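Input: a single structure, listed below in structure tokens.
None of the values given here were measured: they were computed from a predicted structure. Note that ligands are numbered from 1 as they come in the structure, with each ligand's atoms numbered from 1 the same way.
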Amino acid sequence: MQLEKYIIDEHNNELIDKHRRNLEQVAEGINGLDAVLKKLAAFNIAIPSWALGTGGTRFGRFSGGGEPRSLEEKIEDVGVIHALNRSSNSISLHIPWDIPENASSIKALASQLGLHFDAVNSNTFQDQPDQKHSYKYGSLHHVDKAVREQAIQHNIEVINYGVQLGSKALSVWLSDGSNFPGQLNFRKAFQNTLESLQTIYDALPDDWKVWIEYKPFEPNFYSTTIGDWGQSLLLANKLGGKAATLVDLGHHLPNTNIEQIVSLLLMEGKLAGFHFNDSKYGDDDLTVGSINPYQLFLIFNELVEGMDTRGMNHSTAIGWMIDASHNVKDPIEDLLQSVQAIKIAYAQALIVDKKALTDAQNNNDVALAQEILQDAYRTDVRPLIAEASLRMGGALNPISTFRRLKVRDQLIKERGTQTVATGL
Ligand code: RM4
Ligand code: MN
Ligand code: MN
């Protein structure tokens with residue numbers, strides 16, 4: 001299904017007076033309002049193809065109705081999200097969950113909805129029915145060269161799909177690791193991984209990047225071969241300029257200072273991009289900003305400061321993507337909430353008084369530095385997000401419009417109640 005702009009406008013008209021009053025109130029205290037609104041309007045966050053169905057846990061999966069049955073329907077759902085928030089103009093595919101059998105028609109459908117293809121993701125963490133060797137004991141780090149070779153070939157195949165779709169990056173996340181002490185020689189596992197990644201790296205087109213994601217545990221619980229940002233950065237540095245580290249917010253041990261990691265990766269020019277989600281305990285893949293929005297703000301504060309220092313374009317210099325999965329919410333509503341939370345944190349980071357903060361830091365004025373950050377964090381920037389969306393032709397309040405238009409009911413009518421999307 002496709003959302004017509006006039007339907008969105010109709011609902012906006014009901015909300016516009018209240019919006020104007022709210023905007024006026026917040027606008028007063030903001031320097032360079034127009035520049036902030038322009039940056040917000042330009043900021044887009046990719047939607048992963050695996051987040052459009054209801055997620056599950058290892059205990060079960062409780063599908064909601066109207067889930068997309070094909071890649072085409074997933075693209076349509078991203079089209080709905082983008083029509084509402086004007087901030088989700090790309091989709092990231094996981095191969096082989098979503099193989100673009102007919103790349104040119106898939107591409108045409110996407111561009112008709114104003115979408116393009118973000119990074120392509122390989123999958124060597126599950127065995128596929130037709131595959132010769134198992135990934136039970138790992139893929140790119142495997143002790144057996146034949147298994148490594150198979151995983152390398154899969155990644156190259158994913159690059160080829162991505163080339164057909166116009167993607168510019170391969171995102172690699174490995175579940176490789178060990179469950180028990182003694183199972184693995186860490187050094188050999190690392191060296192095998194490096195050698196495998198080198199072959200994949202050599203197959204990248206000139207204008208492509210490879211993003212190396214790290215994760216400290218799960219599905220392996222004793223060690224993971226790319227367990228933290230140090231190991232990822234080590235690999236990225238050895239591979240070369242086209243390789244960089246991908247930060248997934250859920251892939252950190254409790255209380256890790258992620259904002260500091262981000263700051264240093266940016267300094268080194270090695271921050272590839274982000275997988276946004278939120279978590280209470282581990283890789284929970286919860287809605288962005290649902291548990292710890294302050295941390296998200298602090299991360300964005302480092303992102304904005306670091307990107308500005310290097311003269312980077314906020315919206316295009318790094319890959320921004322949601323990587324979440326939700327087992328009790330409507331996936332589209334959940335994704336709309338995540339995008340909104342990201343934009344709120346971004347807007348708050350944009351309005352931090354940078355000059356005052358630098359002065360406070362240089363004067364060791366700790367209390368004032370905190371005040372400056374929290375002043376931005378406690379500003380209700382939602383009218384700014386709404387205004388940016390409105391200017392781009394989107395909805396003032398995407399979720400309420402989604403509900404008002406009864407989009408899910410229509411999807412259920414079209415697709416039925418029993419559909420299950422590929423993914424997690
Ligand atoms: C992993 C990791 C990857 C994602 C898969 C589905 O935990 O975050 O980025 O592709 O989950
Ligand atoms: Mn991820
Ligand atoms: Mn994850």
Check: Do H116 and S111 come close enough that some side-chain heavy atom pair is under 4.5 Å?
Finding: no

Check: Within 45 degrees of the axis of the six-membered ring of Y201 and under 6.0 Å from its centre: does K242 put its NZ or CZ there?
Finding: yes

Next item on the list: Under the side chain to side chain contact (heavy atoms under 4.5 Å, CB included) rule, collect the residues that match up with K354, sequence neighbours excluded.
Entry: V304, V352

Notebook entry, point to check: Do other residues, nucleotides or ligands put more than 12 heavy atoms under 6.0 Å from the CD atom of Q418?
Noted result: no

Margin query: Going by side chain to side chain contact (heavy atoms under 4.5 Å, CB included), name the residues that satisfy it together with Q410, two or more places apart in sequence or in a different chain.
Written below: M1

Next item on the list: Would you mind listing which atoms of ligand 1 come within a distance below 4.0 Å of any non-hydrogen atom of D323?
Entry: 2 (C), 3 (C), 4 (C), 8 (O), 9 (O)

Check: Heavy-atom distance to atom 10 (O) of ligand 1: which of M321, H94, E213 wins?
Finding: H94

Checklist line | Atoms of ligand 1, numbered as shown, that sit under 4.0 Å from any heavy atom of H251 | finding: 2 (C), 7 (O), 8 (O)

Next item on the list: Could you check R391 against D34 for salt bridge (Lys or Arg N to Asp or Glu O under 4.0 Å), going step by step and ending with a plain yes or no?
Entry: CA-CA 12 Å; R391 291 188 185 184; D34 217 52; 3.3 Å; yes

Next item on the list: Give the atoms of ligand 1, by number and element, whose distance to some non-hydrogen atom of H275 is under 4.0 Å.
Entry: 9 (O)

Next item on the list: With sequence neighbours excluded, tell me which residues meet side chain to side chain contact (heavy atoms under 4.5 Å, CB included) with N257.
Entry: E259, Q260

Notebook entry, point to check: Going by the order shown, which atoms of ligand 1 are within less than 4.0 Å of some heavy atom of D248?
Noted result: 8 (O)

Notebook entry, point to check: Taking atom types as modelled and ignoring hydrogens, do the side chains of D248 and N277 form a donor-acceptor contact shorter than 3.5 angstrom?
Noted result: yes

Next item on the list: For the residue pair Q150 and Y135, confirm or rule out a side-chain donor-acceptor distance under 3.5 Å.
Entry: yes

Checklist line | Between Q126 and N123, a side-chain donor and acceptor under 3.5 Å | finding: yes

Checklist line | Metal site the Mn ion (ligand 2), protein N/O/S atoms found under 2.8 Å | finding: 4

Note to self: Quick check on contacts: which atoms of ligand 1 are under 4.0 angstrom from a heavy atom of D283?
What the structure shows: 7 (O)

Checklist line | Whether E218 lies under 4.0 Å from ligand 1, heavy atom | finding: no

Notebook entry, point to check: Counting each atom of ligand 1 from 1 as listed, which ones have a heavy atom of K215 under 4.0 Å away?
Noted result: 7 (O)

